[in-house]
Undergrad: 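This is the structure, below, for whatever I ask next.
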Amino acid sequence: MTSAQVAVVGAGPGGYAAAFLAADLGQHVALIDPEANPGGVCVYRGCIPSKTLLHVARLLAEAKRARDWGVEFGEPRVDLDKLRSFKDQVVARLTGGTGQLVKHRKIQYVRGLAEILDAHRLRVKGNGSDEEITVEHLVLATGSVPARPAALQLDDPRVMDSTTALELKDVPKSLLVVGGGYIGLELGSVYAALGSEVTIVEMTNGLLPGVDRDLVNVLARTVGGVTKAILLNTRVVSVRAEAGGIRVVLEGADVPGHAREQTFDRALVAVGRRPNSQIPGLERTRVKLDERGFIIVDEQMRTAEPSIFAIGDVVGEPMLAHRASHQGRVAVEVIAGENAAFAPRAIPAVVFTDPELAWCGLTETEAQQAGRNVNVAKFPWVASGRALTLDRTDGLTKLILDPETERILGVGVVGPGAGELIAEGVLAIEMGANATDVKLSIHPHPTLTETIMESAEVFFGQATHVYRPRR
Amino acid sequence: MTDFILPELGENITTGDVVRVLVQRGDTVSKDQPVLELETDKATIEVPSSVEGRVQDVKVKAGDRVNVGQTILTVEGEAGPGGAGGTGKTEESSGERARGSAKVVDIGRAAGSTTAGAKSATEEAPPAPASPSVRRLARELGVDINAVTGTGPGGRISADDLKAQVRGRLADGVVAGTGVVETGVVRTGVVGMRLATEPLPDFTRWGQVERRAMSAVRRRTAEHLSAAWTAIPHVTQHDRADITELEEARKRYTRQAEAGGATVTMTGIAVKVVAAALKIFPQFNSSIDTAAGEIVLKKYINIGVAVDTDYGLLVPVIHNADQKNIVELSVELAALSEKARVKKLSLEEMQGGCFSVSNLGGLGGTSFTPIVNLPEVAVLGISRARMEPVYQRDTNTFAPRLMLPLSLSYDHRVIDGADGVRFLRWVVEALEEPFVLALQG
């Protein structure tokens, strides 16, 4: 039997950030995960492998577009085995790195699945091992798993979830993507770039539900160009495995008569994720779950059991790695006696399609729903020199501002590199910057970051590259 | 149906705490019959009824804080208010006043709802313009960031704005603010900042100096003790216990206990005695919630013991000390002290204390004035036991007796002087005559 001052269950980006900080603060730390190294869904079968493939997808698209610029590469030949092994190598390098960091920090890494015996005792069963650990504080970072509605449950390898889709077994001739959220769009884009005929089916009336339409429209145009069809307001009524493929029945106003029943070589179910709160023995503690299965925590990430904390996907939306890491650090600071709390003003979200779409803070949609008076300042990329050099003028940058204080409440960007650009928005919001601050901060030329500065100029009615006649 | 409304009780008395409700539903009350025992700022008074009839509903219960004009009970009346003569008039006028107050209450409520509205408006309004670092500092200082006026562009709140706010609060006499004290851990030099308002001279004018960063423990100790010292009106009561017999017994039994891996120490014995005393004097096992205007009485007994370590003062806590015997306490104490010395104490082992014991006797001293470990309300200091000539009344001689000096500091806000003496006398007697412990403890 071993003991630890802080034990972290789940070594995803939230769990390992928590464990690393705890170790750096001098705590004796145990980190428990079934994988060989820290990384979790994010590194093993999420953010990292998908971004590796999306990078390749973007390269393929760019190569094709290069014809317009006088550069001809010819038809690309994709060596799927090599691509897969590159992706696996990326994952291996990153997880190898986190594994090294575990060793350097002298963290007790226990490979296996944890069962809670009581608030201060864990049992970890691994491959042939069975270990009991007594703990002072426990951080639950068990993450989430892909959701699969009953209608889409089919035990056939051709019906994939995000995990199996990232394995990249083959490039199907036709692929049905169920769900127009970020996972469906990202993985659908990858398969489309590799040559699949992709059909995206979304239940609501638009892609990326909840995100501002003006941003989504830009993305939808491009995605529409590389996919065979995007069917909105559409439900998948049934799926059936046949020798020739996966036969689905679709239902919705936008579905043309001949498309009601279709057969696809593969289907990808990407309708969301659910919290992985089915932790064995959790019922032996005072930890409480809400009706959706999320662990209930306070702003210090503490559950109803005072010595147990929970962070990341298992405590709620948005299920994002960087939110989990931040929460993990907050939990450990609280354990160390700091008066910390999870109180962000802006959590950035990025969809890594081509173009990328990113936002943080208040969205225009949220402001409208709340009946809140805001100003929106937009800068279309057609006026950006940098966007012209990239031949990508379809982008858009927008600021959501408080009319009275001129403070920046939200930022939205669609276009190549939006995921990088959004970081400035987060900093602006967290620092309480107003439009003048952003306007007066010199941005490098020629870059896409200028679009943020010029959006702030637009707010005041005068921007260098946008002409508005005097009224 | 008639309401009995709390009438005006006297000059400047607008509110009181219900000690007891003297009637219940179904009782018949007559006029001038006491229905309520009320503790006010000035005195505890019985409140007579101005109405009569059968009690339909009692709207208050013991422990409630009630205001003049508030409905106390409802009667179904053979006779309503204003039955006879002069009293009737007063009743009417008090009734009127009550209606007036009711109006006030309504306005209050209306104001409440507008505040609620305002609150949601605030939620809609942009959050306070402060960076993450300033927001965290505010949290640590127990300051509501939304209540701070920023002096930066666009009203941006800087760390200096926060500190100015806290300084203002200190100057107003709201020492260390409720929020700060409530958190129990006073973290970021509230008082330190107050001290910082007096600039230091340049010491190098008089010779060489060396500057060292304060360690985390040192800083925390400084902040915590400053907060305790400023917030608590301290009184220290001294006494001496004749431990001649106890010390002999201790030496005798420690050999037995040593077999179990511990020595019986005077600190261990003191913890046992204090744990017993807390049961008899519950106000010594309390905390003050200034914000709520309440005293928190604890139903558990955890004793903190000050431990001197290489890197500063630490106070590990023996949980449920009343349920452990002296040997068990001594063993736990030795283990905790060792953990403290090697920096292995967990946060839980340093939290939840009700009362602290600080034994400096090992080092010497005749007496000292320990500082109460906020949010606790009392601390027992122990100095070095000395052989002294003590007058023996029965033989009319002086006898050499081993006398242990004890110093009890307490929070005068909750503990009266007489109780301070009573508590310490009880401790002295328990040490002199351990039978007391067995009998009462």
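Order of the sequence lines fixes the chain letters, A, B, ..., with proteins taken first and strands second; residue numbering starts at 1 for each chain. In this text, all values refer to a predicted model and were calculated from it rather than measured experimentally. These numbers come from the heavy atoms of this one structure, side chains and all, not from hydrogens, waters or symmetry mates.
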Undergrad: Please identify, among Arg345(A), Glu430(A), Met431(A), the residue contributing the most non-hydrogen atom pairs under 4.5 Å to chain B.
TA: Arg345(A)

Undergrad: Got a sec, which residues hit side-chain hydrogen bond (donor to acceptor under 3.5 Å, both in side chains) with Arg213(A), two or more places apart in sequence or on another chain?
TA: none

Undergrad: Let me know if Glu366(A) has heavy atoms under 4.5 Å from chain B in its side chain, its backbone, both or neither.
TA: neither

Undergrad: Could you list the residues that satisfy side-chain hydrogen bond (donor to acceptor under 3.5 Å, both in side chains) with Lys439(A), not counting sequence neighbours?
TA: none

Undergrad: Please classify the contact between Ile335(A) and chain B as side chain, backbone, both or neither, with a heavy-atom cut-off of under 4.5 Å.
TA: backbone

Undergrad: Could you tell me whether Glu348(B) atom CD has more than 12 heavy atoms of other residues or ligands within 6.0 Å of it?
TA: yes

Undergrad: Quick one: what part of His137(A) sits under 4.5 Å from any heavy atom of chain B, side chain, backbone, both or neither?
TA: side chain

Undergrad: In terms of heavy-atom proximity below 4.5 Å to chain B, should Pro344(A) be classed as side chain, backbone, both, or neither?
TA: backbone

Undergrad: In plain terms, say whether Asp212(A) and Lys378(A) are close enough for a salt bridge, that is, a side-chain N and a carboxylate O under 4.0 Å apart.
TA: no

Undergrad: Go through the side-chain N and O atoms of Ser356(B) and Glu376(B) and say whether any donor and acceptor fall under 3.5 Å apart.
TA: yes

Undergrad: Give, as side chain, backbone, both or neither, the part of Ala367(A) having an atom under 4.5 angstrom from any heavy atom of chain B.
TA: neither

